[in-house]
Each structure stands twice: as structure tokens, then as C-alpha cells.
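Just so we're on the same page: letters track the sequence lines, and every chain starts at 1. Everything numeric here is computed off the predicted structure, so don't read it as measured data.
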2 protein chains.
Amino acid sequence: MSISAPDRTDESLIALRRILRATELFARDLAQAVGLSPAQLRVLQIVAERRSVTPKALANQMGVSQATVTALVDKLVARGMVERIPSEQDRRQTNIVATQVGSAHLENAPDALQQRYVAAFARLRDWEQAQLVSSLERVADMLDAQDIDASPVLTTGDIQSGRKG
Amino acid sequence: MSISAPDRTDESLIALRRILRATELFARDLAQAVGLSPAQLRVLQIVAERRSVTPKALANQMGVSQATVTALVDKLVARGMVERIPSEQDRRQTNIVATQVGSAHLENAPDALQQRYVAAFARLRDWEQAQLVSSLERVADMLDAQDIDASPVLTTGDIQSGRKG
DNA sequence: GCAAATAATTCAACCTTCAAACCATATTTA
DNA sequence: TAAATATGGTTTGAAGGTTGAATTATTTGC
């Protein structure tokens, strides 16, 4: 009802939606370029980033059920991108690791969006970068307000600035 | 190689990813609460916001094929949420409009995330809001750099600040 | 040892998505 | 006007994604 900051909320939502849309559309293109589905690519990314991960952890991080992860991993195994390695600590668990083929696919994947974003980001002045990070984190806080294990995987390939796990 | 702004890029990507994840997870929960699938809900939202929209426009806005839109609209029609109304200007076209049932479902949909976001946003100081909008738009520009028709639909229901189409 | 909890898989059902083929209408061109 | 072309939508068939419930194997607790 008040009129103080009228369309600002709309504007922010519109911008947010543009961000969502751009990343979603890009995820599809990228996955297609790699020859995988978006979901499969996401699994491969996570598996590659962590050296080894269980289906349960994968399910948690992706926000899908374990059954879904099983199906996705099946496909990746069939394509020789990942391997299932039974855990020795706990024989109920399975560790999923990327094969060389899988890693290579990720390396070679074109990362147009991330390239573009990273490049544009790097081009900003220092204080602008700081402000952007601050703003994004603020929005993220407003949105999730949950504990979430978000690793710096937006698309594929490690961020340019060397940063080894 | 330079060390000036090393992890800022990572930080921004992580925040971005949190945003993506929060909205994605929420979209599922919301859709489930409404009794529709996420894709169906998206269609209903767009249809409700614009008074009337053709499958082609819907496909463009959603970034999917027309065939997909047809399938989604079929489901919504079956549930009595939308109607197909043949255009009179151009008989090849079909206009899709929300029924009262469909509109009502949207109205009643719990909009937890948007509530939370809008509330948190409103709580910010004026200059903070302005800065946030500016930052989000900047990121959106970096990401899409395409012409995109993004309407202010993040989730559901109109933004609280009265705003009648 | 035995019951309960946990990790993963299988199964059946439903949803999304798309390319290609197809139908109807509109527009252009001869 | 008739034919060719373009456009909007739908149908169909195939490939996936997603899940809840049931199942198997293992671990944990008593």
C-alpha cells in the first residue's frame, strides 16, 4: 500500500528472473555441447569437484532423491564418465568417482557463460566487485536462510584463478 | 595469475549458486503445494500474469519447444486451470487464458519464498535497495546479454505492492 | 543373536522435452 | 484465382528425469 519504494521490488525480481533464466538456458546448451543431459552434467561436476562422493551426499547436495541419483549415475557409468567404488569403511556405501574420460569431458567443455561472466566480473573495478559480492550474498541470504553446502560450481571447469581443492 | 581480487569471483559464483538453488528447490515445493508440477505452475503463472498468451509466446518465454507447451497446456486444461480460446484475428492462433479456478489456485498458493524475500527486501534502507537492484541488474547483464522478455514473475501471486496489469 | 536404522538399488508410474510429421490457416507470388 | 510458401499448433514416438514404495545388504544398538 505504501508508495515509498514502489517498483524496486519488482525490478529486483525481474533481474533475479533474468539471472535464473540465463543460467537455466545456458545449462541446457552446455550439457548438450558436452553430450550429456543437464542433470547428468551436474552430477559429473559435483563428482569431479569433490574427489569422491556417495549417492546420499549427492542427493542431498542436488536436492533430489537417492533413486534419482542412482538413475543418473547409471547413465554416467554407462557412458564411462564415472565409476562406482564400494566403500571399505562402510560396505553399505558406494563412492562415486570421475574417470579420466569424465574429467576430460569436463575440462574440454566450453564454458561460454562462465567465461563471459568471469571475464565481465574481472573487468569491474575493485570496489564494484566487492559491492556485487556483498549484494549477491545478501540476496542469497534472503532467499535461502538455510544451511546449504554450495560449492563454487556454477557450470564447469574450475574457476580461472587457480584454486586447487 | 594476478592476486588482486582472487576469491571474489568464487564468492560471487557461490552466492549465485545459492540463489539458484534456493529458487529451484522452492519452485518444487510451491508447485507441489499447489498440486501442479513446476513446469505446469510456470505456465499458469505466465498465463495469469498476461491476460492471454499464445503457445508460441509461451514457448519463447519459457525457452522450450511448442510441443512441450502443448503438452503442458493439455494438463492444465484437463485440470480446469486454463482454457484454449481460438483467436479471431488469426485462426491459426490459440489464446490461452486462466480460468477462475486457475486464478484462485494462484491466489491461494503459499508464497513463502517470495514473502520472505519481499519482506526482507522491504526492510532494507532505501539506498540499500537501490544498490541491490543495481547489482542484480548488472549480474543479469553479464549473464544473459541477450534480449529476454522477463516479466516480474518469480514465483506466484502478484507482488504485494499493488500493481494491476 | 536380533531388531532397528542406514545406504543403495530396483520397480512402476508419471512428468518433461523434443524432433519430425501433420493439419489448418495466412501470406506471397505467379 | 491458384499454387507455393510460411506460420501456428498439435500429434506421435522416443529418451530422460523424478519419485515413493519395496528390496537387499550392512551396520548399529540392545
request  = Look at all strands and tell whether A:S87 reaches a base, only sugar-phosphate, or nothing, counting heavy atoms closer than 4.0 Å.
outcome  = nothing
query = Looking only at side chains, do B:Q45 and B:R50 share a donor and an acceptor under 3.5 Å apart?
reply = no
task = Nearest whole angstrom, please: distance from the C1' of C:dA7 to the CG of A:N95.
result = 12 Å
message = So A:T94, base contact, sugar-phosphate only, or nothing? Heavy-atom distance under 4.0 Å.
response = sugar-phosphate
query = Between B:Q40 (side chain) and B:K75 (backbone), is there a donor-acceptor pair under 3.5 Å?
reply = no
Check ion pair B:R125-B:E128 (N to O, under 4.0 angstrom) = yes
inquiry  = Please determine whether a side-chain nitrogen or oxygen atom of A:S37 lies at a distance below 4.0 Å from atom OP1 or OP2 of D:dA15.
reply    = no
key: Spacing between B:L76 atom CG and D:dG9 atom P, to the nearest angstrom   = 16 Å
Residue-phosphate contact under 4.0 Å: B:Q66 side-chain N/O, D:dG9 OP1/OP2 = yes
query = Taking the side chain of B:L72 as heavy atoms from C-beta outward, which of C:dT16, D:dT10, C:dT10 is closest to it?
reply = C:dT16
query = Starting at the 5' end of DNA chain C, which residue's closest nucleotide do you reach first, B:A71 or A:V73?
reply = A:V73
Along DNA chain D (nearest heavy atom to each residue), the more 5'-positioned of A:M62 and B:T54 = B:T54
ask   = Which whole-number value in Å describes the distance from A:D74 CG to D:dA15 C1'?
value = 15 Å
query = Rounded to whole angstroms, how far apart are CG on A:L36 and P on D:dG17?
reply = 9 Å
inquiry  = Tell me whether the side-chain N/O atoms of B:S65 come closer than 4.0 Å to OP1 or OP2 in C:dC18.
reply    = yes
inquiry  = Would you say A:K75 places a side-chain N or O within less than 4.0 Å of OP1 or OP2 belonging to D:dG17?
reply    = yes
With 3.5 Å as the limit, what N/O pairs link the protein to nucleotides 24-30 of chain D?
from   : atom 1 : to    : atom 2 : distance (Å)
D:dT27 : OP1    : A:R91 : N      : 3.1

ask   = Quick one: is B:T68 getting a side-chain N or O under 4.0 Å of the C:dT16 phosphate, OP1 or OP2?
value = no
message = Mind checking if B:R28 touches a base, just sugar-phosphate, or nothing, with heavy atoms under 4.0 Å?
response = sugar-phosphate
inquiry  = Side chains of A:T9 and B:Y117: any donor to acceptor distance under 3.5 Å?
reply    = no
key: Out of C:dC18, D:dG9, D:dT18, whichever nucleotide has its closest atom nearest the side chain of A:A39   = D:dT18
query = According to a strict under-4.0 Å criterion, is A:R79 in side-chain N/O contact with OP1 or OP2 of D:dG16?
reply = yes
note = B:R84 CZ to D:dG8 P, in whole Å, measures 17 Å
key: Nucleotide C:dA8, atom P - distance to CD1 of A:I85 in whole Å   = 14 Å
note = The remaining residues in the hydrophobic cluster of B:V97, counting side-chain heavy-atom contacts under 4.5 Å among Ile, Leu, Val, Met, Phe, Trp and Tyr, are B:I85
Minimum side-chain heavy-atom gap B:Q131-A:R138 below 4.5 Å = no
query = Do NZ/NE/NH1/NH2 and the carboxylate oxygens of B:R17 and A:E49 come within less than 4.0 Å?
reply = no
inquiry  = The side chain of B:A67 is closest to which nucleotide in this list: C:dA8, D:dT12, D:dT18?
reply    = D:dT12
ask   = How long is the line joining CG of B:L25 and P of D:dT19, in whole Å?
value = 10 Å
query = How would you label the contact of B:R42 with the nucleic acid (heavy atoms, under 4.0 Å): base, sugar-phosphate, or nothing?
reply = nothing
key: d(NZ, B:K56; P, C:dA26) in whole Å   = 16 Å
request  = Would you tell me if any nitrogen or oxygen in the side chain of B:Q93 comes within less than 4.0 Å of OP1 or OP2 on C:dA26?
outcome  = no
query = Do A:N95 and A:V53 come close enough that some side-chain heavy atom pair is under 4.5 Å?
reply = no
request  = Verify the neighbour count for atom CZ of B:R84: are there more than 12 heavy atoms of other residues, nucleotides or ligands below 6.0 Å?
outcome  = yes
request  = Hey, which sits more toward the 5' end of DNA chain C by its nearest nucleotide, A:V69 or A:E24?
outcome  = A:V69
